[in-house]
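In this text the structure is predicted, and so the values were computed from the model without any measurement.
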Amino acid sequence: MAPDMNPPAAAQKFLDDLGWGDGEILPLAGDASFRRYFRVQAPGRTAILMDAPPPHEDPRPFIGIARWLTGRGFAAPVIHGEDLTEGLVLLQDFGDARMRETVDAAPESELRLYEEAVDLLIRLRDHGAAEVAPYDRDVYQREAALLTEWYCPAVGLDVDVDGYVAVWDAVLAPALDGPAVTVLRDYHAENIMLIEGSETLGLLDFQDALAGHAAYDLVSLLQDARRDVHPELEAALLDRYRRITGADQRFFDAYHVLGAQRNAKIVGIFTRLWKRDGKPRYPGLCPRVWGYLERDLNHPALAPVAAWFDANIPAALRGDPMTVVDA
C-alpha cells in the first residue's frame, strides 16, 4: 500500500508563518515509520518539510540531535522552523545526492566515500555522548527479541525464547564496555548525503540516537541492510579504523556482537513491517541481512549465540520470510 503523500492540512499555514508560503509542496518520500517528507520549492531556494504526526511520531529528538551535531561541526540539517503540535519541521535541503546512489553509479568512488564515512565516525567519538538515553543491556535484549517475536512465528518456528535471552546475556559484555558516544543508530549509505559545494557528509535519520558503544554505527555502515558491502571492503575499513584509533580486540569483539544483535533486530523489524504494517518490500531485504548475521556468528565472541541459532533456526529457514516457508 503506497503512503498518502498529500501535504498535511496544517502545512500551508506553517510555511506562511516561516516566510515560505510561496513554495510549492512536492512529495519526496516516506520511510519505514509514520514520517513523510516533502520538498518545498520556492523561487531561488528549497527546503525539506518533515511531517512527523503525533501521536505516532515526536520530532523533538530529531531537532535536539540535529542541533547537537551542528554545534560540533557536523552537517545535520539546519532547522528553519518547527510546529511540535502538528509535528511539522522545516529543514535545510541537502539535495538528492545520497551516498548509496552515488556509489552505485560510480563504483570507483566506493572506497573513498566509505573511508570518509568511517572518518566521520572517528571524529564523532571525540565528542562523547549527547544527553540521550543509554544503549544498555535492556535495550539490546528488547531489540534482539524482535527476531523471535516476529520472524520465527512468520516462518512457523517455535523456538527456545528463554535460551535466546540467555545467550545474548552471555555475550553482550564487550558492547557495554568503554566510554559512551552518540550512536546515531541508522548510519548507512541511504542516510548519508553528499552536499554540493561541501567537503562534509550530510547526516539524516538520527532521531533515535542513544548513548552507547562506538562500534554500533560502524557496523551499521559496513553491514548495510539495504546495500551489499563486500567482506573485503568491510575488512579494509575495519583495518583503517584500527590504524587511526588504536582500537583493540575488545572493540572488534563488540563490533561483531553488535553486528549480530543489529542484524537479528533488523530481520525482526523487516518482518514486522510486512506482517503488521503492510509493507511487503522489506522482507526481500532479509537474505542480505541474514548473510551479515551469519558472518558475525562465525566470530568466537558469538559462540553461544551461534549455537542457539544452529539449534533453533535451520539454514533453510534463514531468508525472506515471505518465501522460505514455501521453498
*Could you walk me through whether Phe74 and Thr182 pass the side chain to side chain contact (heavy atoms under 4.5 Å, CB included) test, one step at a time?*
CA-CA 13 Å; Phe74 297 95; Thr182 301; over 6 Å; no

*Would you mind checking if Asp126 and Arg72 are paired as a salt bridge, meaning a charged N to carboxylate O distance below 4.0 Å?*
no

*Residue among Gln92, Gln41, Glu24 satisfying side-chain contact (heavy atoms from CB on, under 4.5 Å) with Thr46*: Gln41

*Backbone N/O of Ile269 and side chain of Tyr282: donor-acceptor pair under 3.5 Å*: no

*Do you know which two heavy atoms are closest between Val132 and Ala209, and how far apart they sit?*
CB-O, 3.7 Å

_Pairing residues for Asp160 by the side chain to side chain donor-acceptor pair (under 3.5 Å) criterion, not counting sequence neighbours_ = none

*For Tyr151 and Gly319, indicate whether the former's side chain and the latter's backbone hold a donor-acceptor pair under 3.5 Å.*
yes

*Least distance between heavy atoms, Pro8 atom then Phe38 atom*: CD-CE1, 3.8 Å

Could you pull out all donor-acceptor pairs under 3.5 Å where a side-chain atom in residues 78-85 meets a protein atom, sequence neighbours excluded?
| residue | atom | partner | partner atom | Å |
| --- | --- | --- | --- | --- |
| Glu82 | OE1 | Arg67 | NH2 | 3.0 |
| Asp83 | OD1 | Thr85 | N | 3.1 |
| Asp83 | OD1 | Glu86 | N | 3.2 |

*Which distance, rounded to the nearest 0.5 Å, do you find between the CG of Leu28 and the CG of Leu49?*
10.0 Å

*Do Gln207 and Asp205 have side-chain N/O donor and acceptor atoms under 3.5 Å apart?*
yes

*Taking Arg226 for the side chain and Ala189 for the main chain, is one N or O donor matched with an acceptor at less than 3.5 Å?*
no

_Aromatic contact, Phe251 with His213 (centres under 6.0 Å)_ = yes

*Go through the steps for Ile25 and Gln12 under the test side chain to side chain contact (heavy atoms under 4.5 Å, CB included), then give the verdict.*
CA-CA 9 Å; Ile25 306 174; Gln12 190 59 56; 4.2 Å; yes

_Let me confirm one number: the CD-CZ distance from Glu190 to Arg100, rounded to the nearest 0.5 Å._
5.0 Å

*Identify whether Leu26 and Leu15 are in the same connected component of the hydrophobic contact network (ILVMFWY, side-chain heavy atoms under 4.5 Å).*
no

_Let me confirm one number: the OH-CG distance from Tyr216 to Leu221, rounded to the nearest 0.5 Å._
13.0 Å

_Separation of Ile195 CD1 from Phe94 CZ (nearest 0.5 Å)_ = 4.0 Å

*Same cluster or not: are Leu293 and Leu285 linked, directly or through other Ile, Leu, Val, Met, Phe, Trp or Tyr residues, by side-chain heavy atoms under 4.5 angstrom apart?*
yes

*Taking all heavy atoms of Asn312 and all of Pro314, pick out the closest pair and write down the distance.*
O-CD, 3.7 Å

*Using atom types as modelled and distance alone, determine if a side-chain donor or acceptor of Thr148 lies under 3.5 Å from a backbone N or O of Val161.*
no

*Please name the pair of heavy atoms, one in Leu88 and one in Asp51, separated by the smallest distance, quoted to 0.1 Å.*
CD2-OD1, 3.8 Å

*Among residues two or more places apart or on two chains, list those pairs meeting salt bridge (Lys or Arg N to Asp or Glu O under 4.0 Å) that have a residue in residues 245-264.*
Asp177-Arg250, Asp186-Arg262

_Strictly by salt bridge (Lys or Arg N to Asp or Glu O under 4.0 Å), give each pair with a member in residues 292-312 just once, sequence neighbours left out._
Glu234-Arg295, Glu294-Arg318, Asp310-Arg318

_Angle between ring planes, His256 versus His299, binned at 30° and 60°: parallel, tilted or perpendicular?_
parallel

*In chain order, what residues pass the salt bridge (Lys or Arg N to Asp or Glu O under 4.0 Å) check against Arg288, with sequence neighbours excluded?*
Asp228

*Within-4.5 Å side-chain heavy-atom neighbours: Glu57 and Phe62*: no

_Validation row: Val305, Gln261 side chains within 4.5 angstrom (heavy atoms)_ = no

*Considering non-hydrogen atoms only, spot the tightest contact between Phe270 and Cys286 and give its length.*
CB-SG, 3.8 Å

_Non-neighbouring partners of Asp93 that pass salt bridge (Lys or Arg N to Asp or Glu O under 4.0 Å), sequence neighbours left out_ = Arg39

*Please answer whether the main-chain N or O of Val229 pairs with a side-chain N or O of Tyr292 as donor and acceptor at a distance below 3.5 Å.*
yes

*Got more than 12 heavy atoms from elsewhere within 6.0 Å of CD, Glu108?*
yes

*Would a hydrophobic clustering, with Ile, Leu, Val, Met, Phe, Trp and Tyr connected at side-chain separations under 4.5 Å, put Leu204 with Leu91?*
no

*asked:* Between Leu218 and Leu238, is the side chain to side chain contact (heavy atoms under 4.5 Å, CB included) condition met? List the steps.
replied: CA-CA 9 Å; Leu218 187 62; Leu238 290 178; 3.7 Å; yes

_Could you work out, with salt bridge (Lys or Arg N to Asp or Glu O under 4.0 Å) as the rule, every residue matching Asp239, not counting sequence neighbours?_
Arg242, Arg243

_Closest approach of Gly284 to Pro287 (non-hydrogen atoms, all atoms of both residues)_ = O-CD, 3.4 Å

*Kindly compute the distance separating CG (Asp17) from CG (Leu90), expressed to the nearest 0.5 Å.*
11.5 Å

*Given the rule that I, L, V, M, F, W and Y join up when any side-chain heavy atoms are under 4.5 Å apart, are Val165 and Val139 in one cluster?*
no

*With a 4.5 Å limit on heavy-atom distance, are the side chains of Pro321 and Trp150 in contact?*
no

Run the side-chain donor-acceptor check on residues 118-125: report pairs under 3.5 Å with partners two or more places apart or on a different chain.
| residue | atom | partner | partner atom | Å |
| --- | --- | --- | --- | --- |
| Asp119 | OD1 | Arg240 | NE | 3.0 |
| Asp119 | OD2 | Arg240 | NH2 | 2.8 |
| Arg125 | NH1 | Tyr241 | OH | 2.7 |

*Side-chain contact, heavy-atom cut-off 4.5 Å: Leu203 with Asn191?*
no

_With rounding to the nearest 0.5 angstrom, report the CD to OH distance, Glu149 to Tyr164._
9.5 Å

*asked:* Under the rule for salt bridge (Lys or Arg N to Asp or Glu O under 4.0 Å), what residues qualify as partners of Glu116, not counting sequence neighbours?
replied: Arg112

*Examine Trp68 together with Phe206 and report whether their ring centres are nearer than 6.0 Å.*
no

_Is the ring pair Tyr140/Tyr135 parallel, tilted or perpendicular, if the boundaries are 30 and 60 degrees?_
parallel

*Sequence neighbours left out, what passes side chain to side chain contact (heavy atoms under 4.5 Å, CB included) with Ala42? Give chain and number order.*
Trp20, Asp22, Arg45

_Listed once per pair and sorted, the salt bridge (Lys or Arg N to Asp or Glu O under 4.0 Å) pairs that draw on residues 129-147, sequence neighbours left out_ = Arg137-Asp169, Glu143-Arg185, Glu143-Lys265

*Is there a path of hydrophobic side-chain contacts, each under 4.5 Å between heavy atoms of I, L, V, M, F, W or Y residues, that connects Ile65 with Tyr37?*
yes

*salt bridge (Lys or Arg N to Asp or Glu O under 4.0 Å) contacts touching residues 207-220 (sequence neighbours left out)*: none

